[in-house]
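Predicted model only: the values in this text are computed from it and were never measured.
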Amino acid sequence: MTAEAVKAARLVEEAAAKAPAEEVPRRVCGAVCEGLGMDGTTLSLLTDTPSRQLLAASDDAALLLEEIQFTVLEGPCISAAHSGEPVAVNDLREELTPWPLFGATMREKLPQVRSVYALPVFFGDYVLGTVDLLTLRPQALSKEALEQASLVADAVAAALLPTRDMIITGAQAPTWEPEEVVRAHWFDTARAVGALATRRRLTPENALALMRAEAFRTGKSLSDITRDILRGP
């Protein structure tokens, strides 16, 4: 492992040690960001399904990165969760991405972000989510450095293991920070999908698609649409 990867894995382990379960994702995000020298980090689970769960974001830019991918349903984290392989976007300003909606929205809303990397997080043989990294400089990680950074995701998975039951089976909204956004990305969106599916007699998949279409039409985030639905018809 590179010195940066070793440092990041050690910081992740130290951050999670003896921490209350609700603080683990936030501390882990900070440790990855510091250890790998990134400008922002997020941690999310089940990123290729409607039950996607944002657990933590290091700052506002990282949070907006997740909001964009959550709304357009495409981007590096979703591809990494689907393929189980690291995904690199080395220069958002100069390269066309495989995800046209993601690329265009990032250039509009986060023009200062130049590169994004997504690392799959495995629990055994199952990809449960991703760690997303963003930087303000292009070509921040070489291919070799990205492979080494992927090993840090193993440390993240180990740090999350004690919270696995809470993550997968929890019936209440989590208390992880930022609480309002985590709630919208996990608990409330699932409720809104169910409510809209019942009102319109739709499948959950079609209800979620309708919510995303409304987000595109109005320019709102999916979290905003979720709140609108839960307020009433």
Side-chain angles (χ1 to χ4, degrees), residues 1-47 52-66 69 75-81 83-92 110 112-164 166-167 176-178 182:
M1 293 177 69
T2 63
E4 290 82 3
V6 170
K7 177 183 178 182
R10 175 177 55 80
L11 289 175
V12 166
E13 182 179 356
E14 292 174 354
K18 299 180 181 179
E22 63 271 16
E23 293 185 15
V24 170
R26 177 179 57 81
R27 293 190 183 190
V28 165
C29 267
V32 172
C33 200
E34 178 184 351
L36 293 179
M38 298 290 107
D39 295 304
T41 310
T42 68
L43 176 60
S44 54
L45 302 181
L46 301 176
T47 46
R52 178 179 172 189
Q53 305 163 17
L54 172 69
L55 298 186
S58 63
D59 57 21
D60 289 343
L63 188 58
L64 183 52
L65 167 66
E66 288 304 300
Q69 294 185 95
C77 83
I78 296 173
S79 293
S83 68
E85 299 289 338
V87 175
V89 182
N90 286 306
D91 195 337
L92 278 162
L110 284 173
Q112 73 275 26
V113 174
R114 294 294 298 273
S115 53
V116 176
Y117 303 93
L119 312 174
V121 175
F122 285 87
F123 279 0
D125 295 330
Y126 179 65
V127 179
L128 193 59
T130 63
V131 176
D132 277 11
L133 314 170
L134 66 85
T135 75
L136 307 184
R137 60 192 188 279
Q139 308 290 336
L141 293 177
S142 66
K143 183 178 180 180
E144 179 182 0
L146 180 62
E147 291 174 354
Q148 294 294 315
S150 297
L151 301 176
V152 178
D154 295 337
V156 172
L160 289 176
L161 194 58
T163 70
R164 183 176 180 179
M166 179 191 303
I167 291 169
W176 294 322
E177 297 292 339
V182 170

In Å, rounded to the nearest 0.5 Å, how long is the span from [atom1] of [X] to [atom2] of [Y]?
| X | Y | atom1 | atom2 | value |
| --- | --- | --- | --- | --- |
| L11 | R27 | CG | CZ | 13.0 Å |
| R10 | E14 | CZ | CD | 5.0 Å |
| R137 | M38 | CZ | CE | 5.0 Å |

Qualifying salt bridge (charged side-chain N to carboxylate O under 4.0 Å, His left out) pairs with a residue from residues 145-163, counting only residues at least two apart or across chains: none
Under 3.5 Å, is there a donor-acceptor pair between the side chain of [X] and the main chain of [Y]?
| X | Y | value |
| --- | --- | --- |
| T42 | A57 | no |
| S83 | E85 | yes |
| Q69 | C77 | yes |

Is there a side-chain contact between [X] and [Y], using heavy atoms and a 4.5 Å cut-off?
| X | Y | result |
| --- | --- | --- |
| V113 | L65 | no |
| L141 | L133 | yes |
| N90 | Y117 | yes |

Shortest non-hydrogen contact between [X] and [Y], atoms and distance:
| X | Y | value |
| --- | --- | --- |
| A5 | V152 | O-CG2, 3.7 Å |
| E34 | K7 | O-NZ, 4.4 Å |
| A149 | L119 | O-CD1, 3.4 Å |
| F123 | L160 | CZ-CB, 3.9 Å |
| A62 | S58 | CB-OG, 3.8 Å |
| D132 | A118 | OD1-CB, 3.5 Å |

Any donor-acceptor N or O pair under 3.5 Å, side chains T135, S115: yes
Any donor-acceptor N or O pair under 3.5 Å, side chains Q112, D39: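 D39 and Q112 do not have a side-chain donor-acceptor pair below 3.5 Å.
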From I78, L55, T130, residue fulfilling side-chain contact (heavy atoms from CB on, under 4.5 Å) relative to S44: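 When I78, L55, T130 are each tested with S44, the side-chain contact (heavy atoms from CB on, under 4.5 Å) holds only for T130.
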L63/L54 under side-chain contact (heavy atoms from CB on, under 4.5 Å): CA gap, chis, key distance, verdict: CA-CA 9 Å; L63 188 58; L54 172 69; 3.7 Å; yes
Ion pair check, R26 and E23, cut-off under 4.0 Å: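 Yes, R26 and E23 are salt-bridged.
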Criterion side-chain contact (heavy atoms from CB on, under 4.5 Å) on V28 and V131, from CA distance to verdict: CA-CA 10 Å; V28 165; V131 176; over 6 Å; no
D91 atom CG, over 12 foreign heavy atoms within 6.0 Å: yes
